[in-house]
**Q** 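Sharing a structure with you now.
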Amino acid sequence: TDGYYHHTLIEFVQQNFSASPSGQALAEKSCDILYAADKKTVAIQCYHGLGHGFAAISDYDMPKALKECDSLIKESAKISCYGGAFMDNAMLTSAADTSKYQFFKKGDPLFPCRKVDEKYKDECYFYSIYQYLREVKPRPSSGTELIAVVDGAFALCRAAPAKHQSACFRGTGVLLGYSVGWDVKTV
């Protein structure tokens, strides 16, 4: 279901969002309805999807996308939105030409994290591992490959500033689990 909410919100933002307070309010209200209905997990995914959409419509101008996230009212909504924006930015690894993007550098997943304001860094470091996995080996096919990928991910996290390493390690756990289809035997 996560993918459904991600892509639904990306499409919603791309088709309906305007850089006006009414467009932003409509987007946020859509997620707030879920939050109020005690569907908080779904609402968090909704706010995360807004971040994906904001990154896409800003053409991956991360300060602009993050500013849209900052306009959300709930702190949890903002943080989830930041995550969606950084995750979408990390997905640029599949783009043919990444040279036009100021907040993406192939082979350097930590690059955008060094450029953004402090309040965004934990979400950035959490999702930096996503770019790493996409560039290195998205789906390890053996235990040996998985160990190599994990070693590389841990080295990447250790290269992050000390106060953001835990965010990177958390992202590593979540995204490595996802990359092996949550197969406990593989992990």
Side-chain angles (χ1 to χ4, degrees), residues 2-3 5-7 9-10 13-14 44-45 47-69 78-142 145-183 186-187:
D2 288 355
Y5 288 110
H6 279 81
H7 294 289
L9 265 294
I10 293 167
V13 169
Q14 287 178 329
I44 293 300
Q45 285 298 314
Y47 299 123
H48 180 90
L50 290 177
H52 280 275
F54 294 155
I57 66 169
S58 71
D59 200 24
Y60 302 95
D61 178 338
M62 293 307 288
K64 187 174 179 181
L66 296 169
K67 183 178 178 186
E68 293 297 342
C69 292
K78 291 177 186 181
I79 292 168
S80 187
C81 185
Y82 302 156
F86 284 117
M87 184 180 199
D88 215 67
N89 190 66
M91 294 169 71
L92 289 172
T93 53
S94 59
D97 177 20
T98 59
S99 63
K100 72 177 186 170
Y101 303 114
Q102 295 178 14
F103 287 86
F104 180 85
K105 187 184 282 186
K106 277 192 177 184
D108 187 0
L110 301 182
F111 175 74
C113 306
R114 293 189 289 270
K115 294 183 73 167
V116 296
D117 290 341
E118 185 64 32
K119 69 179 176 179
Y120 307 122
K121 288 185 184 285
D122 271 351
E123 289 302 301
C124 185
Y125 284 107
F126 183 97
Y127 285 101
S128 65
I129 201 68
Y130 193 83
Q131 178 184 340
Y132 167 78
L133 288 175
R134 289 174 62 96
E135 289 181 351
V136 174
K137 186 76 174 169
R139 296 239 182 234
S141 59
S142 71
E145 281 184 359
L146 182 61
I147 289 169
V149 169
V150 170
D151 285 347
F154 286 174
L156 180 74
C157 291
R158 285 190 297 272
K163 66 182 173 179
H164 299 294
Q165 287 180 2
S166 65
C168 185
F169 284 118
R170 282 193 318 275
T172 299
V174 169
L175 293 169
L176 283 173
Y178 176 78
S179 75
V180 296
W182 301 106
D183 180 5
T186 303
V187 177

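What you see is a predicted model; the values in this text were computed from it and never measured.
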**Q** What distance do L50 atom CG and S80 atom OG have between them, rounded to the nearest 0.5 Å?
**A**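 Reported value, rounded in 0.5 Å steps: 8.5 Å.
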**Q** Testing the basics here: between T172 and C157, what is the closest heavy-atom pair and its distance to 0.1 Å?
**A**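 So the two residues come closest at OG1-SG, 3.3 Å.
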**Q** So do the side chains of F86 and L66 get within less than 4.5 Å of each other, counting heavy atoms only?
**A**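 Side-chain contact under 4.5 Å: yes.
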**Q** Closest heavy-atom contact between I129 and A153?
**A**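 Minimum heavy-atom separation between I129 and A153: CD1-CB, 3.3 Å.
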**Q** Is it true that, when you exclude K115 itself, more than 12 heavy atoms of the residues, nucleotides or ligands shown sit nearer than 6.0 Å to its NZ?
**A**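 Atom NZ in K115 is crowded, with more than 12 foreign heavy atoms closer than 6.0 Å.
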**Q** Taking the basic N atoms (NZ, or NE/NH1/NH2) and the acidic carboxylate oxygens, is any pair closer than 4.0 Å for E123 and K78?
**A**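 Salt bridge absent between E123 and K78.
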**Q** To the nearest 0.5 Å, tell me how far C69 SG sits from H48 NE2.
**A**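 Answer rounded to 0.5 Å: 10.0 Å.
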**Q** To check you understand the geometry: which heavy-atom pair defines the closest contact between K121 and V116, and what is its length?
**A**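 Between these two residues, the closest heavy atoms are NZ-O, 3.1 Å.
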**Q** Grab the two heavy atoms, one from P112 and one from P109, that are nearest each other, plus how far apart they are.
**A**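 Shortest heavy-atom separation between P112 and P109 comes out as CD-O, 3.5 Å.
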**Q** What's the shortest heavy-atom distance between F126 and R170, and which atoms?
**A**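 Between these two residues, the closest heavy atoms are CE1-C, 3.7 Å.
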**Q** Please check if any side-chain donor atom of Y127 sits under 3.5 Å from a side-chain acceptor atom of D88, or the reverse.
**A**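 On atom types as modelled, these side chains do not qualify, holding no pair under 3.5 Å.
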**Q** Please check if the side chain of N89 supplies one atom and the backbone of F103 the other of a donor-acceptor pair under 3.5 Å.
**A**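 Yes, because the side chain of N89 sits within donor-acceptor range (under 3.5 Å) of the backbone of F103.
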**Q** For F154 and F169, run ring pair (Phe, Tyr, Trp, His ring centres under 6.0 Å): C-alpha distance rounded to whole Å, both residues' side-chain angles, the deciding distance at 0.1 Å, then the answer.
**A** CA-CA 7 Å; F154 286 174; F169 284 118; 5.4 Å; yes
**Q** Would you call the rings of Y125 and H164 parallel, tilted or perpendicular, where under 30° means parallel and over 60° means perpendicular?
**A**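 The rings of Y125 and H164 lie parallel, inter-plane angle below 30°.
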**Q** Quick one: list whatever passes salt bridge (Lys or Arg N to Asp or Glu O under 4.0 Å) with R114, sequence neighbours left out.
**A**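 Once residues adjacent in sequence are excluded, the partners of R114 under the salt bridge (Lys or Arg N to Asp or Glu O under 4.0 Å) criterion are D108.
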**Q** How many angstroms lie between CD in Q165 and CG in L156, if you round to the nearest 0.5 Å?
**A**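 The CG atom of L156 is 10.0 Å from CD of Q165, to the nearest 0.5 Å.
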**Q** How close do Q102 and F111 get, counting heavy atoms only, and between which atoms?
**A**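 The pair with the smallest heavy-atom distance is O-CE2, 3.2 Å.
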